[in-house]
Amino acid sequence: MTGAVAPRGSQHLDGPKKILLSGVSSDAHMWNLIYLQLFIEESGHHVRNLGPCAPDELILENCVTWRPDVLVISTVNGHGHLDGVRLIRTLREAGGPLATLPAVIGGKLGIHGIGNSRFHQQLLDAGFDAVFGAEAGIMEFQRYLTMLGRYGHAVETTTVPAC
């Protein structure tokens, strides 16, 4: 994971969170979403999984109607940085509760292997609260979920060097 996590609040101060999980619009992979859904549920949270190839409009609609505590975007097709920037800008520009909804993205964000870390700051600058590159592994995401469960929002994190 890279960057600082903004202290955006959660609707629920402690206990299980409502997590909206989705792939990006160009990513047809489902296995990563099923794995993350099970992982998040085993961590004690409630998950709504929109599946692969979710259009931005569907993600935003679910953010408004279901009112999740966190939006989690996962991608493995190598185009996550492109779709992710567009999605998060649309979410933040919608205003209201969407402007402050905690949102994270992770997975294979580009096609450059370890060089995908070049996209982390771009995604943070666009509006994501945290970025979990494939090189960071699932434990960084687990730490994020733990902080979220304890405090209702994530706290500042450190950069994880690629191995």
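If you're wondering where the values come from, they're calculated on a predicted model, not measured in any experiment.
Taking R89 as the reference, nothing meets the salt bridge (Lys or Arg N to Asp or Glu O under 4.0 Å) condition, with sequence neighbours excluded.
Contact between L101 and C63 at its shortest, heavy atoms only, is CD2-SG, 3.6 Å. A pairwise comparison of heavy atoms in N32 and T75 identifies ND2-N, 3.9 Å as the closest pair. Between A28 and C53, the shortest heavy-atom distance links the atoms CA-SG, 3.5 Å. When all heavy atoms are compared, the tightest approach of L21 to Q37 is CD2-N, 3.6 Å. Closest heavy-atom contact between Y144 and P102: OH-CB, 3.9 Å. Smallest separation of non-hydrogen atoms from G84 and I105: CA-CD1, 3.9 Å.
Hydrophobic clustering (side-chain heavy atoms under 4.5 Å, transitive across Ile, Leu, Val, Met, Phe, Trp, Tyr) groups L60 together with L123. Taken together through direct or relayed side-chain contacts under 4.5 Å among Ile, Leu, Val, Met, Phe, Trp and Tyr, V76 and L87 form parts of separate hydrophobic clusters. Residue I111 is not grouped with residue I114 when hydrophobic side chains (ILVMFWY) are merged at heavy-atom distances under 4.5 angstrom, including chains of intermediate members. A single hydrophobic cluster is seen to contain both M30 and Y35, as judged by linkage of ILVMFWY side chains at heavy-atom distances under 4.5 Å, directly or through other members. At a threshold of 4.5 Å between side-chain heavy atoms, the hydrophobic network of Ile, Leu, Val, Met, Phe, Trp and Tyr places L98 and L50 in one connected group.
Here the straight-line distance linking atom CG of L109 with atom CZ of R118 works out to 12.0 Å at 0.5 Å rounding. In this structure, the separation between CD on Q122 and CG on L124 is 10.0 Å, given to the nearest 0.5 Å. For the atom pair CZ of F141 and OG of S43, the computed distance is 8.0 Å after rounding to the nearest 0.5 Å. Note that CG of L58 is 7.0 Å distant from OG of S22, once rounded to the nearest 0.5 Å. Note that CE of M139 is 8.0 Å distant from OG1 of T146, once rounded to the nearest 0.5 Å.
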Could you walk me through whether L36 and I138 pass the side-chain contact (heavy atoms from CB on, under 4.5 Å) check? CA-CA 9 Å; L36 277 174; I138 195 71; 3.8 Å; yes
Quick one: do I73 and I88 satisfy side-chain contact (heavy atoms from CB on, under 4.5 Å)? Show the steps, please. CA-CA 10 Å; I73 301 297; I88 197 64; over 6 Å; no
What verdict does the side chain to side chain donor-acceptor pair (under 3.5 Å) test give for H29 and D27, after you've listed the backbone C-alpha separation in whole Å, the side-chain angles of each residue and the deciding distance to 0.1 Å?
CA-CA 6 Å; H29 295 89; D27 195 335; 2.6 Å; yes
(Q) If you apply the rule side-chain contact (heavy atoms from CB on, under 4.5 Å), what do you find for N116 with H81, and how did you get there? (A) CA-CA 9 Å; N116 288 336; H81 69 285; over 6 Å; no
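Residues P68 and R48 are not in side-chain contact: their nearest non-hydrogen atoms beyond the backbone lie 4.5 Å or more apart. No side-chain heavy atom of I40 sits less than 4.5 Å from a side-chain heavy atom of K17. Residues V24 and H79 are not in side-chain contact: their nearest non-hydrogen atoms beyond the backbone lie 4.5 Å or more apart.
Within a 6.0 Å sphere centred on CD1 of I34, heavy atoms belonging to other residues, nucleotides or ligands number more than 12.
Shown are V70, V47, D69; of these, the side-chain contact (heavy atoms from CB on, under 4.5 Å) with K18 is made only by D69.
Judged purely by atom type and a 3.5 angstrom limit, D129 has no side-chain atom pairing as donor or acceptor with the backbone of V104.
Within the structure, side chain to side chain donor-acceptor pair (under 3.5 Å) pairs that include any residue of residues 52-61 comprise D56-R86 (at least two apart or interchain).
A salt bridge does not link R92 to D125: none of the charged side-chain nitrogens sits closer than 4.0 Å to a carboxylate oxygen.
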